[in-house]
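Written out below as structure tokens is the structure these notes cover.
For this chain, numbers begin at 1 and follow the sequence in order.
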Amino acid sequence: MTEAQPCTFRPPKRRATAVALAFLFGPFGLHKFYLGYFQAAFIMLTCSVVGGIVTLGLGTAIVWVVAIVEGFAYLARSDDDFQRVYVQAAREWF
């Protein structure tokens, strides 16, 4: 099998918007939806909601920590680097 190639053109996304969504609505995966990573977004949303119900909030807390780490990873990059890594190269996880 060959490795899937990232799409060659994706519209630019604002780094500040992705950071804000990760910090404020991270457990719901809104920053992933914004960046176009629907599978990763549904994974975060499911783990947060279902995992939160089953584990009395622990699953949601864990997903929130992951989202905060991703927010800081986005924040640590320059705008050009963010576009190159997370938008054009389609890197889904920090």
Side-chain angles (χ1 to χ4, degrees):
M1 272 199 219
T2 61
E3 184 176 332
Q5 297 295 322
C7 58
T8 55
F9 176 76
R10 294 180 61 166
K13 302 290 184 177
R14 291 187 47 143
R15 179 177 62 110
T17 303
V19 169
L21 289 172
F23 287 153
L24 298 174
F25 303 106
F28 305 112
L30 290 186
H31 60 294
K32 298 287 188 186
F33 282 114
Y34 174 71
L35 292 172
Y37 306 139
F38 298 109
Q39 183 178 9
F42 281 116
I43 289 170
M44 289 185 83
L45 182 60
T46 302
C47 289
S48 182
V49 173
V50 175
I53 292 170
V54 172
T55 63
L56 301 175
L58 183 62
T60 304
I62 291 170
V63 174
W64 192 284
V65 169
V66 169
I68 295 296
V69 169
E70 287 183 331
F72 279 118
Y74 299 161
L75 195 58
R77 295 186 180 270
S78 68
D79 286 334
D80 292 334
D81 197 29
F82 174 82
Q83 292 297 321
R84 186 178 50 77
V85 173
Y86 294 106
V87 178
Q88 298 303 321
R91 182 175 171 187
E92 292 186 28
W93 301 97
F94 44 90

Exercise for review: Consider only side-chain heavy atoms of I, L, V, M, F, W and Y, link residues closer than 4.5 Å, and tell whether Val49 and Phe25 are in one cluster.
Suggested key: yes
Check your understanding: Which heavy atom in Gln83 sits nearest to a heavy atom in Pro12, and how many Å separate them?
Key -> OE1-CA, 3.3 Å
Check your understanding: Any idea how Phe42 and Phe33 line up, ring-wise: parallel (<30°), tilted (30 to 60°), or perpendicular (>60°)?
Key -> perpendicular
Point to revise | Trp64 with Leu75, same ILVMFWY side-chain cluster at under 4.5 Å | key: yes
**Study point:** Distance (rounded to the nearest 0.5 Å) between Asp80 CG and Arg15 CZ
**Key:** 10.0 Å
Revision key, fill the gap. Closest non-hydrogen contact found for Gly71 with Ala22 is CA-CB, 3.8 Å
Review point. If you look at every heavy atom in Gly29 and Ala41, which pair is closest and at what distance?
Key: O-CB, 3.6 Å
Check your understanding: Are Leu58 and Val63 linked, directly or through other ILVMFWY residues, by side chains that come within less than 4.5 angstrom of each other?
Key -> no
Check your understanding: Are Ile68 and Leu21 linked, directly or through other ILVMFWY residues, by side chains that come within less than 4.5 angstrom of each other?
Key -> yes
Exercise for review: Look up atom NZ in Lys32 and atom CD in Gln39, then write down how far apart they are to the nearest 0.5 Å.
Suggested key: 11.0 Å
Revision key, fill the gap. For Met44 and Gly26, the nearest pair of non-hydrogen atoms, with its separation, is CE-O, 3.5 Å
Exercise for review: Any chance you could measure Thr60, atom OG1, to Phe28, atom CZ, to the nearest 0.5 Å?
Suggested key: 7.5 Å
Check your understanding: Do you reckon Val87 sits in the same ILVMFWY cluster as Tyr34, going by side-chain contacts under 4.5 Å, direct or chained?
Key -> yes
Revision key, fill the gap. Correct closest heavy-atom pair for Ala18 and Phe82 would be CB-CZ, 3.8 Å
**Study point:** Pairwise distance CD(Glu92) to CD1(Ile43) - rounded to 0.5 angstrom
**Key:** 7.5 Å
